[in-house]
Number of protein chains: 2
Amino acid sequence: MSRAADIAYAEIRGLILSGQAPPGTRLKEEELAARCGVSRTPVRDALRRLEGELYVVRNGSGMQVADWRAEDVEELFALRSMVEAHAAARAATRIDAEALEELRAINARLEAAIARPSADIQAFLEANRAFHARILAAAASPRLPAILSLLVEQPVVRRTAQRYGRDALERSAAEHAELVRALAAHDPEWARAVMTGHIRRAYHAFVDASGSDPARAT
Amino acid sequence: MSRAADIAYAEIRGLILSGQAPPGTRLKEEELAARCGVSRTPVRDALRRLEGELYVVRNGSGMQVADWRAEDVEELFALRSMVEAHAAARAATRIDAEALEELRAINARLEAAIARPSADIQAFLEANRAFHARILAAAASPRLPAILSLLVEQPVVRRTAQRYGRDALERSAAEHAELVRALAAHDPEWARAVMTGHIRRAYHAFVDASGSDPARAT
DNA sequence: CTGAGCCTCTCTGTATACAGAAACGGTCGC
DNA sequence: GCGACCGTTTCTGTATACAGAGAGGCTCAG
């Protein structure tokens, strides 16, 4: 795709996700343009994309960083578990041997990342993302990726994972393995159930983590 | 919001939904700009929005009208029933008396529209849209509207409704009434069940309609 | 001292101009 | 006659210029 518009998109998204632009921050096109070293036009493009992904919201004229913390986190996880479970069920009826092998390889990477004495959270997150993305691809439904991009806030995933103890990390890996078995059996309801549990466990991990971290409490 | 960008959005969306721009059509910015009487800038904005809503897709450089007909229609309805049922369940726990009264009023309009000797499909569609929108609002979940906008293709709704016989129209009204009862009882599972059935019945109506309409068969 | 009105200033929305890339057609060589 | 290469044309991406709306501050009157 385009060069400048992608730079702007990545930069602004980074500002939001890193917390440098906290929720409620007014995003001024000119200021962002200067920061990205591009003109206002690609910045506008980037802001439209981010608006569609609900990272920013309009208030009157003018964009500001959306406050996802004010949202009902349980609702977010409920929607995500519903949609990802659906994706898993659909994938179960369509997945082929090659994709299953890829999933096993990805989960092997994930296990390797947490096997080290000090678990490599970054590698875990990357493998986890790849695992879910691969299942999404196997579901082969054009609209599912767009929907999930509205529901999966990477900061939430990261915060959740960073609070995982070793046992929780290992449980994640085990659930992934279980998911692969369900997919290999082409059993949609099994896959749905495992994925639902997987996401809902992540939800409770997130809530526990938030509760024990006063700075992050909403 | 802005004037020209909305004009462009409505115009282009209209072109797509009316079939004047069939799937696969290359959408040229300059051409659209001339057609809408605005410059390319608001047209670009409109195209970004439509891209986010999956009405158009990029291929390389250049946008073209997405081919939703190639999509798995059952999958679309499955997702929609899942999400709308969720919205109904959530609304059931939150709805207040005022909103319930509004829903009853809207459904009364709907019943009036189909009571006439020759049912007023246009009024039916409008009331139906308002009914679902009101429940969505009662669910009070910021992301649900964005998700549903990805799933509800108005041409599908219209084609389904136009094929409804009087009995199907009356069943729709009756299901709406049942939904209001479930919401009034603040019973999320009841509301979820009724909404699921409501959408799934619409799915079968759509399939039957498509099957009996060779020109529309995918 | 407070409130209202006006003025200014900034920011967005829109239009236009320019550059680069990709597609199309024509022509030349084989 | 067919294929490949090159030129042209067109379209998108980007930058900039301008106008209108809105917010904020300042001043003046009560």
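The figures here come from the full heavy-atom set of this structure, side chains too, leaving out hydrogens, waters and symmetry mates. Each chain gets a letter, A, B and so on, in the order the sequences are listed, and its residues count up from 1.
Remark: A:Thr41 is not in phosphate contact with D:dT14, judged by side-chain N or O atoms under 4.0 Å from OP1 or OP2. Phosphate contact (OP1/OP2 of C:dG13, side-chain N/O of A:Arg44, threshold under 4.0 Å): present. Listed pair A:Arg58 / C:dG13 meets the phosphate criterion, a side-chain N or O lying under 4.0 Å from OP1 or OP2.
Within 4.0 Å of B:Leu27, counting heavy atoms only, lie sugar-phosphate atoms of the nucleic acid but no base atom.
To the nearest angstrom, C1' of D:dG13 lies 12 Å from CE of B:Met63. In this structure, A:Arg26 atom CZ and D:dA23 atom P are separated by 9 Å, rounded to whole Å. The separation between A:Leu47 atom CG and C:dC11 atom C1' is 13 Å, rounded to whole Å. Protein atom CZ of A:Arg49 is 12 Å distant from nucleotide atom P of D:dG13, rounded to whole Å. As rounded to whole Å, 14 Å separates atom P of C:dC11 from atom CG of A:Asn59. In this structure, the CD1 atom of A:Ile7 is 14 Å from the C1' atom of D:dA15, given to the nearest Å. To the nearest angstrom, C1' of D:dC11 lies 11 Å from CD of B:Glu31. Rounded to whole Å, the distance from CZ on B:Arg40 to P on D:dA15 is 14 Å.
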(request) Decide salt bridge (charged side-chain N to carboxylate O under 4.0 Å, His left out) for B:Asp6 and B:Arg49; before the verdict, give the C-alpha distance in whole Å, the side-chain angles of both, and the deciding distance to 0.1 Å. (result) CA-CA 10 Å; B:Asp6 287 335; B:Arg49 279 172 67 185; 3.2 Å; yes
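Within the 4.5 Å cutoff, the side chain of A:Asp120 has no heavy atoms near those of the A:Phe124 side chain.
The aromatic rings of A:His198 and A:His132 sit parallel, their planes meeting at an angle under 30°, below the 60° perpendicular limit.
Cation-pi contact between A:Arg201 and A:Tyr164: present, with separation from the ring centre below 6.0 Å and deviation from the ring axis of at most 45°.
Toward the 5′ end of DNA chain D lies the nearest nucleotide of B:Glu30, the other residue of the pair A:Pro42 and B:Glu30 mapping further downstream.
Remark: the A:Arg3 side chain and the C:dG20 base include no donor-acceptor N/O pair separated by less than 3.5 Å.
Counting only heavy atoms from C-beta on, A:Glu29 has its side chain closest to C:dG13 among C:dA15, C:dG13, D:dG13.
Judged purely by atom type and a 3.5 angstrom limit, B:Asp96 uses its side chain to pair as donor or acceptor with the backbone of B:Ala99.
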